[in-house]
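Report on the following structure.
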Amino acid sequence: MSENSFNEKVKELLLEIPIGRVTTYGIIAEKCGMKSSARMVGYILNSLKNQTKYPCHRVVNRFGELSGKNHFQGEELMQELLESEGIEVTDNKVKLSNYLWNPLD
DNA sequence: CGGGTGACTTTAC
DNA sequence: CGTAAAGCCACCC
């Protein structure tokens, strides 16, 4: 019995994201075996946003936009966290070409 | 069981 | 990366 496999897998994957890197909902979804349901990733992250244990701020949409920043505790908290890790945030988004993390890495 | 919603993605134009 | 439409799945009423 794998419990809430999806939820659990997302948590594990979040903890595997290296500092100074970001990933997308689609990648997480696919890595958890539900690539068709990237929406669920954001939905689950919403449950983890209050838990500082998980780096929810390192998850962006496919264009690198901070789609979840509005759902964070502070309005600019997500960007501040990313910048504190060395990630440059411009126009409310990051450069996936430079910061995107691939689980295979 | 059905309808609405959401931190998304893909395809088409 | 513009808009529009469809797919997707958990959760709530």
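All heavy atoms count here, side chains included; hydrogens, waters and symmetry mates do not. Predicted model, so just to flag it, every value in this text is computed and none were measured. In what follows, chains carry the letters A, B, and so on, assigned in the order in which the sequence lines appear, proteins first and then strands, with residues in each chain numbered from 1.
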**OP:** Could you check whether A:Lys49 gets within reach of a base, just the sugar-phosphate, or nothing at all, counting any heavy atom under 4.0 Å?
**Re:** base

**OP:** Describe the nucleic acid contact of A:Asn61 in one word from base, sugar-phosphate, nothing, applying a heavy-atom distance below 4.0 Å.
**Re:** sugar-phosphate

Subject >> Of A:Gly68 and A:Arg62, the one whose closest DNA chain B nucleotide lies more 5' >> reply: A:Gly68

Spacing of [X] atom [atom1] relative to [N] atom [atom2], expressed in whole Å:
X	N	atom1	atom2	value
A:His71	B:dA7	NE2	C1'	5 Å
A:Glu30	B:dT10	CD	C1'	13 Å
A:Lys35	B:dT9	NZ	P	13 Å

**OP:** Determine the Euclidean distance between corresponding C1' atoms of C:dC13 and B:dA7; express it in Å to zero decimal places.
**Re:** 23 Å

**OP:** Measure from the side-chain N and O atoms of A:Asn102 to the backbone N and O of A:Asp105, and report whether any donor-acceptor pair falls under 3.5 Å.
**Re:** no

Original post:
Hey, are A:Tyr43 and A:Ser37 close enough side-chain-wise for a donor-acceptor pair under 3.5 Å?
Top reply: no

Original post:
What is the per-nucleotide protein-contact pattern of nucleotides 2-13 of chain C, from the 5' end, where B denotes a base atom under 4.0 Å from a protein heavy atom, S denotes such proximity for sugar-phosphate atoms only, and - denotes neither?
Top reply: -----BBBSS--

Just list the side-chain donor-acceptor pairs under 3.5 Å for residues 85-93 of chain A, sequence neighbours left out, or say none.
from: A:Glu85; atom 1: OE1; to: A:Arg58; atom 2: NE; distance (Å): 2.9
from: A:Glu85; atom 1: OE2; to: A:His57; atom 2: NE2; distance (Å): 3.0
from: A:Glu85; atom 1: OE2; to: A:Arg58; atom 2: NE; distance (Å): 3.1
from: A:Glu85; atom 1: OE2; to: A:Arg58; atom 2: NH2; distance (Å): 2.8
from: A:Asp91; atom 1: OD2; to: A:Lys93; atom 2: NZ; distance (Å): 3.2
from: A:Asn92; atom 1: OD1; to: A:Lys69; atom 2: NZ; distance (Å): 3.4

Original post:
Taking 4.0 angstrom as the limit, do A:Lys9 and A:Glu12 come out as a salt bridge?
Top reply: no

Subject >> Nearest non-hydrogen partners of A:Cys56 and A:Leu45, listed with the distance >> reply: O-CD2, 4.2 Å

Subject >> Closest non-hydrogen atom pair, A:Val60 against A:Met78 >> reply: CG1-CE, 4.4 Å

